[in-house]
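Here the structure comes first, spelled out in structure tokens, and everything after it is commentary.
Fair warning: this is a prediction, and the values are worked out from it, not measured in the lab.
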Amino acid sequence: KEFLVEISGTMVTITCPLTEETIAWKSTGTKPPSNERKYVIENHDSFPTNVSCWSGDKKYNMYLNARVCANCEELDALAVTGIITADILITFGVLILVYYFSKDRKGRASSGAGSRPRGQKVQRPPPVPNPDYEPIRKGQREVYAGLEPRGF
């Protein structure tokens, strides 16, 4: 036989496996005043305790290591499964919407600030040469005649 432990908020209810009418309880050195089959610990501090119940020569011991909190909400497995499934479906829905809306924009040129309008390609004339670096042509050597190498 086993103890039945129920936790709700900070209240822990322990049911002894014995079926006798008068049951004695002991919890980590203190003897609770209860002589019933159920022992209720209100404002449990989540500290591990040893709990035992007995009647006559039958005795049951239990090590209670229950974590409790005042602001916790209990969820059953169905609610958790529903939340996870809804989250996955919403995520896939957003991914599909983003995919379809971005798919149409691939072929279009963007009209952003950095783009140039695309028209006919016009050939530009070559850049005007800088007169300081003009190549030497035949018949113009006298311009550069004064630039002979100097000897040291």
Side-chain angles (χ1 to χ4, degrees), residues 1-136 147 149-150 152:
K1 295 182 180 181
E2 295 180 351
F3 284 91
L4 176 64
V5 179
E6 299 172 37
I7 301 171
S8 177
T10 59
M11 186 169 69
V12 179
T13 305
I14 306 167
T15 305
C16 184
L18 294 171
T19 56
E20 284 80 3
E21 297 244 347
T22 55
I23 297 173
W25 290 91
K26 185 175 182 182
S27 174
T28 313
T30 62
K31 185 175 180 184
S34 175
N35 285 334
E36 299 174 2
R37 191 165 175 229
K38 289 189 177 187
Y39 170 48
V40 178
I41 305 172
E42 296 204 27
N43 298 323
H44 182 59
D45 57 359
S46 297
F47 194 75
T49 58
N50 290 314
V51 178
S52 54
C53 67
W54 70 89
S55 178
D57 59 343
K58 294 181 183 177
K59 185 174 184 181
Y60 288 94
N61 294 317
M62 178 182 73
Y63 179 74
L64 179 66
N65 189 8
R67 298 215 176 246
V68 297
C69 65
N71 299 325
C72 295
E73 290 291 328
E74 296 179 24
L75 293 176
D76 57 341
L78 184 63
V80 172
T81 305
I83 290 170
I84 292 172
T85 304
D87 183 32
I88 290 172
L89 290 176
I90 290 170
T91 303
F92 280 130
V94 170
L95 285 174
I96 290 169
L97 285 173
V98 168
Y99 173 75
Y100 279 117
F101 281 114
S102 67
K103 187 170 129 178
D104 295 339
R105 296 177 189 257
K106 285 182 184 174
R108 283 191 236 151
S110 66
S111 59
S115 65
R116 289 184 259 156
R118 294 182 185 239
Q120 292 180 345
K121 291 190 176 183
V122 180
Q123 288 185 347
R124 292 189 206 160
V128 178
N130 189 342
D132 294 335
Y133 299 104
E134 203 171 306
I136 299 174
L147 300 174
R150 295 185 210 171
F152 289 101

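Nearest heavy-atom pair, Thr85 versus Thr81, reported as atom, atom and distance to 0.1 Å: OG1-O, 2.8 Å.
Taking NZ from Lys38 and CD1 from Ile23, the interatomic distance works out to 11.5 Å, rounded to the nearest 0.5 Å. In this structure, CD1 on Ile90 lies 12.0 Å from CG on Leu95, to the nearest 0.5 angstrom. Between Ile88 atom CD1 and Ile83 atom CD1 the span is 12.5 Å, to the nearest 0.5 Å.
A heavy-atom distance below 4.5 Å is not found between the side chains of Tyr39 and Cys53. Contact of the Arg37 side chain with the Thr15 side chain is registered, since non-hydrogen atoms from C-beta on lie closer than 4.5 Å.
A donor-acceptor pair is defined here as one N or O able to donate and one able to accept, closer than 3.5 Å; no such pair exists between the side chain of Thr13 and the backbone of Val40.
Listed by chain and number, the residues in a side-chain contact (heavy atoms from CB on, under 4.5 Å) with Ser52 are Lys26, Trp54, Lys59, Asn61 (sequence neighbours excluded). Judged as a side-chain contact (heavy atoms from CB on, under 4.5 Å), and not counting sequence neighbours, the contacts of Asp76 are Leu78, Ala79. Residues meeting the side-chain contact (heavy atoms from CB on, under 4.5 Å) test with Glu2, sequence neighbours left out: none. Taking Tyr100 as the reference, Ile96, Lys103 meet the side-chain contact (heavy atoms from CB on, under 4.5 Å) condition, with sequence neighbours excluded.
The aromatic rings of Phe3 and Tyr60 sit perpendicular to each other, their planes meeting at more than 60°, with 30° as the lower class boundary.
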